[in-house]
Protein chains: 2
Amino acid sequence: MTARASRGRRPGAPDTRAEVLAAARASFAEKGFRGTTIRAVASAAGVDPALVHHYFGTKDDLFVAALEIPVDPREILAPVVAAGPDGAGERLLRTFLSVWDDPAIQPGLLALVRSLMADDSAGLVRDGFIPVVVGPVLASLVRDRPEVRVPLVASQMIGLIVARYVIAVPPLAQMPAEDLVARVGPVLQHYLTGDLP
Amino acid sequence: MTARASRGRRPGAPDTRAEVLAAARASFAEKGFRGTTIRAVASAAGVDPALVHHYFGTKDDLFVAALEIPVDPREILAPVVAAGPDGAGERLLRTFLSVWDDPAIQPGLLALVRSLMADDSAGLVRDGFIPVVVGPVLASLVRDRPEVRVPLVASQMIGLIVARYVIAVPPLAQMPAEDLVARVGPVLQHYLTGDLP
DNA sequence: GTCTATAGACGGATAGAC
DNA sequence: GTCTATCCGTCTATAGAC
């Protein structure tokens, strides 16, 4: 994402590049990586396939351009952990949902999730994301035995993502975030600090 | 699966058909539908691509042959609902895990889940599987407001599938089924019959 | 900048020899 | 039954005209 503000008037042509990127984002989010074709993206944006290559290079390049998640999980979760374990379940879920419900971020996250499930890149989540990103963050919130509590928390949050955003089962997909916080938050809290066999 | 027992000796050639099917199952489970190619399946089974077609017809046919889920969810869940709402969370989870942990069934289920997440066939789960299969079954177990309780139960079970079987996050993937029943069962019970805002 | 034309690779499917 | 050879379609990617 290059800086787009510069003085003087913008080029007369509409921002074709942005339209291509938006089309790519939507397609990757909906159909996954293998399911989207450069041709389909170009057609959706009303341009020629060659133009897509001209802007973004290879299909892989287009994919990473379409992700562009403007969120650092550790940064956004910092205030959640700073407030301590009390009510952490609700706070965690609230910030989590606020990110996922952001229409500017959602397509990128969806595309990411879709591609992670489709390929055998599950190892990336298992050995990368969970232990190095979310693990340490959550570990500071749990009472004990993080190695069993963190995965349980993760399982419920993964299920929420898949049910609400990927499958969009009603009424989960339409449910206001605060309702979900009230209903699922206590479960997360239980996994974090409750009595567990 | 045709009956394989008949008197007299089996044909001298090893059961190539079964090997092809096994290779297909593994590939579909690991790489999803789009990710597996007939050629790769044939190569993994040590045979010619044309032979795969000869046995199974199109790639779609091969896929449904590789699924071959020998389980009717409604049938297997019948005893769970018959015993009533008390302790239903644990019972539900136990039968659920016993099916998923069955090595004869798991690859088919995994392939199914992978393909459902990859394509935009989410509608199939949302409008088909959940409301017509699992919905009615679970609805008879909940205390009230099935339209909010059933999706919550579904979200936790989906999360368990993805975390334990698709991503295989440790130690969730290695955890004995009974440990999971003891830890997650109460949450399901809470979603089924507990106090919910 | 935008499009046309096409090269090159890959995968599904079929026909037919052995 | 099993394999060779091949057709046909789709896709990425590039070269080059306008």
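The model shown is predicted, which means the values in this text are computed figures rather than measured ones. Just so it is clear: chains get the letters A, B, ... in the order the sequence lines come, proteins before strands, and each one is counted from 1.
The stretch residues 134-165 of chain A participates, sequence neighbours left out, in these ring pair (Phe, Tyr, Trp, His ring centres under 6.0 Å) pairs: A/W100-A/Y165.
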(Q) Is there a side chain to side chain contact (heavy atoms under 4.5 Å, CB included) between A/R183 and B/Y191? Walk through the geometry before answering. (A) CA-CA 9 Å; A/R183 283 163 183 159; B/Y191 284 148; 5.6 Å; no
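Between C/dG1 and A/Y55, no contact under 4.0 Å exists linking OP1 or OP2 to a side-chain N or O. Contact between the side-chain N/O atoms of A/T16 and the OP1/OP2 oxygens of C/dT2 is found at a separation under 4.0 Å.
The CD atom of B/E19 sits 14 Å away from the C1' atom of D/dG1 (whole-angstrom rounding). In this structure, the CG atom of A/L51 is 14 Å from the C1' atom of D/dA13, given to the nearest Å.
Closest approach of B/R145 and B/L196 over heavy atoms only: NH2-O, 2.8 Å. Taking every heavy atom of both residues into account, B/L93 and B/L160 meet most closely at CD1-CD2, 3.7 Å.
Heavy-atom contacts from other residues, nucleotides or ligands closer than 6.0 Å to CG of B/D195 number 12 or fewer. For CG of A/D179, the number of neighbouring non-hydrogen atoms (other residues, nucleotides, ligands) closer than 6.0 Å is greater than 12.
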Q | Sugar-phosphate or base contact per nucleotide [nucleotides 11-18 of chain C; S, B, -; heavy atom under 4.0 Å] | A | BBBB----
